[in-house]
Amino acid sequence: QVQLVESGGGLVQAGGSLRLSCAASGTTFNTMGWFRQAPGKEREFVAAISWSIYYADSVKGRFTISRDNAKNTVSLQMNSLRPEDTAVYYCAVRKGYLSGNYYRTQLYDYWGQGTQVTVSS
């Protein structure tokens with residue numbers, strides 16, 4: 001049974017940093033990513049790592065995604081956080097690789113339950 005467990009969310013002041021981690025069990029996933037959803041908004045792509053590494057324009061230069069293939073984990077280092085980064089962050093994984101549609105939620109096989117990130121002004 002596949003399980004995704006996220007950790008690292010919390011409350012931070014604007015300009016601060018948080019590191020999110022997600023551990024996947026059950027099998028190997030060649031694509032691992034992060035999405036987020038703010039109240040009243042649709043779920044949006046944040047970052048993914050597959051054949052290459054991909055970032056949303058809104059987080060490029062501030063967030064860094066990484067993975068440990070041996071442990072089947074993915075992390076998201078978030079620096080220079082802004083109030084608009086406030087959202088529930090979801091870990092998502094896919095068995096296969098993605099290179100052109102990494103931002104599409106429908107292409108991911110499994111999802112974590114989400115972890116809250118709140119950035120105060």
Side-chain angles (χ1 to χ4, degrees):
Q1 196 81 1
V2 173
Q3 287 185 304
L4 302 180
V5 181
E6 301 112 324
S7 62
L11 174 64
V12 65
Q13 189 177 8
S17 299
L18 285 173
R19 183 177 178 86
L20 307 182
S21 296
C22 174
S25 64
T27 189
T28 299
F29 298 98
N30 288 314
T31 300
M32 308 184 82
W34 292 94
F35 292 75
R36 67 187 183 186
Q37 188 167 22
K41 296 185 177 181
E42 65 182 3
R43 190 168 299 185
E44 67 174 356
F45 169 77
V46 176
I49 184 164
S50 189
W51 286 117
S52 190
I53 296 175
Y54 312 96
Y55 296 101
D57 289 341
S58 59
V59 307
K60 190 174 297 183
R62 300 187 297 120
F63 292 9
T64 302
I65 189 171
S66 61
R67 66 181 173 188
D68 185 330
N69 291 331
K71 297 180 179 179
N72 213 22
T73 61
V74 62
S75 297
L76 186 70
Q77 178 65 46
M78 305 185 294
N79 298 326
S80 301
L81 284 162
R82 305 165 180 168
E84 50 264 43
D85 294 318
T86 296
V88 176
Y89 283 69
Y90 297 91
C91 174
V93 299
R94 172 185 166 90
K95 290 185 177 66
Y97 289 98
L98 290 173
S99 60
N101 296 303
Y102 47 83
Y103 58 89
R104 296 178 62 87
T105 61
Q106 296 89 345
L107 297 181
Y108 289 80
D109 298 318
Y110 301 100
W111 293 81
Q113 66 180 12
T115 184
Q116 177 70 47
V117 171
T118 302
V119 184
S120 65
S121 59

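Keep in mind that the numbers below use all heavy atoms, side chains included, and drop hydrogens, waters and symmetry copies. Quick caveat: nothing in here was measured; it's all calculated off a predicted structure.
Note that the OG1 atom of Thr73 and the CE atom of Met32 stand 6.5 Å from one another [nearest 0.5 Å]. Atom OG of Ser121 sits about 14.0 Å away from atom CZ of Arg82, to the nearest 0.5 Å. Within the model, atoms CG of Leu107 and CG of Asn101 stand 5.5 Å from one another, a figure rounded to the nearest 0.5 Å. Thr31 OG1 to Ile49 CD1: the interatomic distance, rounded to the nearest 0.5 Å, is 9.5 Å. Here Asn30 contributes atom CG and Asn69 contributes atom CG; the two are 8.0 Å apart, rounded to the nearest 0.5 Å.
Across all their heavy atoms, Asp109 and Lys95 have their closest contact at OD2-N, 2.9 Å. Across Cys22 and Leu4, no two heavy atoms sit closer than the pair SG-CB, 4.1 Å. Of all heavy-atom pairs between Asn72 and Thr28, the closest is ND2-CA, 3.8 Å. Nearest heavy atom pair, residue Ser80 against residue Arg62, reads O-NH1, 3.0 Å. Listed here is the closest heavy atom pair of Ser17 and Asn79: OG-OD1, 2.8 Å. Of all the heavy atoms in Pro83 and Ala14, the pair that sits closest is CD-CB, 4.2 Å.
Checked against the 6.0 Å centroid criterion, the rings of Tyr110 and Phe29 qualify as a close aromatic pair. Between Tyr55 and Phe63, the distance separating the two ring centers is not shorter than 6.0 angstrom. Taking the six-membered ring where the residue is Trp, the centroids of Trp51 and Tyr97 are separated by under 6.0 Å.
Shown here is Gln113, whose CD atom has no more than 12 heavy atoms of other residues, nucleotides or ligands within 6.0 Å.
Annotation: side chain of Ser66 is in contact with side chain of Arg19 (closest heavy-atom distance under 4.5 Å). With contacts defined as side-chain heavy-atom distances shorter than 4.5 Å, the pair Lys71/Ser21 does not qualify. At least one side-chain heavy atom of Val59 sits less than 4.5 Å from a side-chain heavy atom of Arg36. Between Tyr89 and Glu6, the closest side-chain pair of non-hydrogen atoms is not below 4.5 Å. Contact annotation: the side chain of Phe35 approaches that of Trp111 to within less than 4.5 Å [non-hydrogen atoms, C-beta and beyond]. Side-chain contact between Cys91 and Trp34 is present, with at least one heavy-atom pair separated by less than 4.5 Å. A 4.5 Å side-chain heavy-atom check between Arg43 and Val88 finds every atom pair outside the cut-off.
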Item to check | Pair Met78-Asp85, side-chain contact (heavy atoms from CB on, under 4.5 Å): steps then yes or no | outcome: CA-CA 10 Å; Met78 305 185 294; Asp85 294 318; over 6 Å; no
Next on the checklist: Determine whether Thr118 and Gln116 satisfy the following criterion, side-chain hydrogen bond (donor to acceptor under 3.5 Å, both in side chains), listing intermediate values before the conclusion.
Outcome noted: CA-CA 6 Å; Thr118 302; Gln116 177 70 47; 3.3 Å; yes
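The cluster map of Ile, Leu, Val, Met, Phe, Trp and Tyr, joined by side-chain heavy atoms under 4.5 Å apart, puts Ile65 and Val5 in different clusters. Under the 4.5 Å side-chain contact rule for hydrophobic residues, Val46 and Leu98 do not share a cluster. Under the 4.5 Å side-chain heavy-atom criterion for ILVMFWY residues, no single connected hydrophobic cluster contains both Leu76 and Tyr54. In this structure, Leu18 is a member of the same hydrophobic cluster as Val74, with clusters built from ILVMFWY side-chain heavy atoms closer than 4.5 Å.
In this model, no donor atom of one side chain and acceptor atom of the other lie less than 3.5 Å apart for Tyr108 and Arg94.
In summary, Asp57 and Lys60 engage in a salt bridge, as defined by a charged side-chain N under 4.0 Å from a carboxylate O.
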